[in-house]
Undergrad: 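My questions will all concern the structure given below.
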Amino acid sequence: MTTYGSFPGSRPRRLRTTPAMRRMVAETRLHPADLILPAFVREGVSEPVPISAMPGVVQHTRESLKKAAAEAVAAGVSGIMLFGVPEEAKKDANGTVGTDPDGILQVALRDVRAEVGDELLVMSDLCLDEFTDHGHCGVLDSDGRVDNDATLERYAEMAQVQADAGAHIVAPSGMMDGQIGVVRDALDQISREDVAILAYTAKYASAFYGPFREAVGSSLQGDRQTYQQDAANARESLRELALDLEEGADMVMVKPAGPYLDILAKVADAVDVPVAAYQISGEYAMIEAAAEKGWIDRDRAIMESLTGIKRAGARNILTYWATEVARGLAQ
């Protein structure tokens, strides 16, 4: 350390003296356009249904979903990622309602697209787990294992009906081998080369998904460790990344975000396509619960967590606070 007399010659604290100074020299800035709002729409309800494990988040009705989409537009949010929650009786082993043009997700896509047009990117989760009676992300074989290639056939059909329903972006999230290539081919076959693919490239088998299971009314039996990634592995993500890009992914994503910032940084350093990260339900729930107890400052914790995700390399962040945070950033 350089010193002059008894004092340090270099004083980094000079750049932290006031809020204006800290704003001027900030290396990472959040913007409303960085944010994507995940939203749930439930079939057969007349009022939004609160999700107990995610205070402030609801299973929307069709009407309340349209309102949420309009509010996201007004706040400057870039996109809305839709998840459908069908009536329990409509679930089956193949997730048939997930590819029904009149299924809840496709209906919601049409609703939102009619409401916001191209002012908001209408994005669709492309997976079977919300629609199967066993809760897995694909169809099962005779031994009860997820059949990768049979599932790809369902994903191809799902991609086409979601595109027809108005999705600007489809987001295959099941972690099946070859899913991006199959989805790209399926879209191109119906002349929907304009529909982009956001690949769930590194999706880990995480304990932090717990509240999401309530949000989508999951019927999961067992776990997803045979297809989602192992938390112990990092290099594996880069292999998944290379495959997704080779198969035609337009954007890639790391999920969860907070516990996997190292993976997010590796992915962001390796590619020249947009990189997203999903701040998942458990991350949201922990901050909300701790804030409710008075243990942390809610607003500061939200912004710190999102800034950390952006700093690690995310171009876009899926977060349940998207509209709230976007409004605050605009002030």
Side-chain angles (χ1 to χ4, degrees), residues 35-72 75 77 79-91 95 97-98 103-105 107-109 111-112 123-125 127-133 135-137 171 173 200 203 206-221 223-224 255-259 277-293 295-296 298-299 301-302 305-306 317-327:
L35 305 175
I36 297 166
L37 176 67
F40 309 100
V41 57
R42 179 170 170 178
E43 187 174 22
V45 295
S46 58
E47 298 289 338
V49 178
I51 300 167
S52 64
M54 300 175 69
V57 181
V58 301
Q59 294 172 326
H60 284 286
T61 67
R62 290 174 59 186
E63 286 303 312
S64 70
L65 178 65
K66 290 190 290 185
K67 181 181 178 182
E71 291 172 347
V77 170
I80 186 168
M81 176 74 79
L82 300 186
F83 297 85
V85 185
E87 294 176 346
E88 193 69 24
K90 292 185 178 179
K91 295 181 181 181
V97 70
I104 182 59
L105 182 53
V107 169
L109 286 167
D111 284 345
V112 174
M123 310 166 76
S124 186
D125 179 65
C127 195
L128 291 170
D129 60 316
E130 298 104 302
F131 309 109
T132 55
D133 56 12
H136 280 285
C137 297
S173 61
Y200 281 65
K203 183 178 180 181
S206 173
F208 294 98
Y209 294 134
F212 182 88
R213 306 273 161 79
E214 177 190 348
V216 297
S218 175
S219 304
L220 182 64
Q221 302 166 22
D223 59 49
R224 298 182 174 131
K255 181 180 181 181
Y278 196 146
Q279 184 182 54
I280 67 170
S281 59
E283 298 175 74
Y284 176 95
M286 287 191 299
I287 289 176
E288 289 287 353
E292 190 276 330
K293 290 283 191 181
W295 293 339
I296 60 173
R298 177 184 181 273
D299 293 348
I302 291 170
S305 67
L306 292 172
I317 304 170
L318 286 83
T319 176
Y320 300 99
W321 290 301
T323 300
E324 175 188 341
V325 169
R327 286 171 176 158

Undergrad: Does a side-chain heavy-atom distance below 4.5 Å link Cys127 with Tyr200?
TA: no
Undergrad: Has Glu47 got more than 12 heavy atoms of other residues, nucleotides or ligands less than 6.0 Å from its CD?
TA: no
Undergrad: Would you say the side chain of Asp111 lies within less than 4.5 Å of the side chain of Val41, judging by non-hydrogen atoms?
TA: no
Undergrad: Quick one: pull up CZ in Arg327 and CH2 in Trp321 and give me the separation to the nearest 0.5 Å.
TA: 16.0 Å
Undergrad: Parallel, tilted or perpendicular: which one describes the rings of Tyr284 and Tyr320, with boundaries at 30° and 60°?
TA: perpendicular
Undergrad: What distance separates Arg298 CZ from Ile287 CD1, expressed to the nearest 0.5 Å?
TA: 9.0 Å
Undergrad: For Ala53 versus Ala285, what's the shortest heavy-atom pair and its separation?
TA: O-CB, 3.3 Å
Undergrad: With the threshold set at 4.0 Å, does a side-chain nitrogen-carboxylate oxygen contact exist between Glu88 and Lys91?
TA: yes
Undergrad: Shortest non-hydrogen contact from Ala326 to Val77?
TA: CB-CG2, 3.7 Å
Undergrad: Consider side chain to side chain contact (heavy atoms under 4.5 Å, CB included). Of Ile104, Val107, Val85, which one does Glu43 pass it with?
TA: Ile104
Undergrad: Give a yes or no on whether the backbone of Ser173 and the side-chain of Lys203 come within a donor-acceptor separation of less than 3.5 Å.
TA: yes
Undergrad: The test is side-chain contact (heavy atoms from CB on, under 4.5 Å); show your working for Leu37 and Glu71 and say whether it passes.
TA: CA-CA 11 Å; Leu37 176 67; Glu71 291 172 347; over 6 Å; no
Undergrad: With rounding to the nearest 0.5 angstrom, report the CD1 to CG distance, Ile80 to Leu318.
TA: 11.0 Å
Undergrad: Distance check, rounded to the nearest 0.5 Å: Lys67 atom NZ versus His60 atom NE2?
TA: 10.0 Å
Undergrad: Checking Met286 against Phe208 for the side-chain contact (heavy atoms from CB on, under 4.5 Å) test, could you report, in this order, the C-alpha distance in whole Å, the side-chain angles of both residues, the deciding distance, and whether it holds?
TA: CA-CA 9 Å; Met286 287 191 299; Phe208 294 98; 3.4 Å; yes
Undergrad: Do Leu105 and Ser124 have side chains that approach each other closer than 4.5 Å (heavy atoms only, starting at C-beta)?
TA: yes
Undergrad: Could you pull out the closest heavy-atom pair between Ser46 and Thr61, with the gap in Å?
TA: C-CG2, 3.6 Å
Undergrad: For the residue pair Phe40 and Val49, establish whether any side-chain heavy-atom pair is separated by less than 4.5 Å.
TA: no
Undergrad: Do you know which two heavy atoms are closest between Leu128 and Gly95, and how far apart they sit?
TA: CD2-O, 4.0 Å
Undergrad: If every non-hydrogen atom of Pro256 is compared with every non-hydrogen atom of Pro259, which pair is closest and at what distance?
TA: CB-CD, 3.9 Å
Undergrad: So among Leu306, Asp299, Ile317, which one has a side chain to side chain contact (heavy atoms under 4.5 Å, CB included) with Val325?
TA: Leu306
Undergrad: Does Glu283 form a side chain to side chain donor-acceptor pair (under 3.5 Å) with Ser305? I'd like the steps, not just the answer.
TA: CA-CA 9 Å; Glu283 298 175 74; Ser305 67; over 6 Å; no
Undergrad: Can you tell me how far the CD atom of Glu288 sits from the OG atom of Ser281, to the nearest 0.5 Å?
TA: 12.5 Å
Undergrad: Supply the atom-to-atom distance Thr319 OG1 to Ile280 CD1, rounded to the nearest 0.5 angstrom.
TA: 11.5 Å
Undergrad: Testing the basics here: between Asp125 and Glu130, what is the closest heavy-atom pair and its distance to 0.1 Å?
TA: OD2-OE2, 3.3 Å
Undergrad: Within a strict 4.5 Å, meaning less than it, do heavy atoms of the Met123 and Ile36 side chains meet?
TA: yes
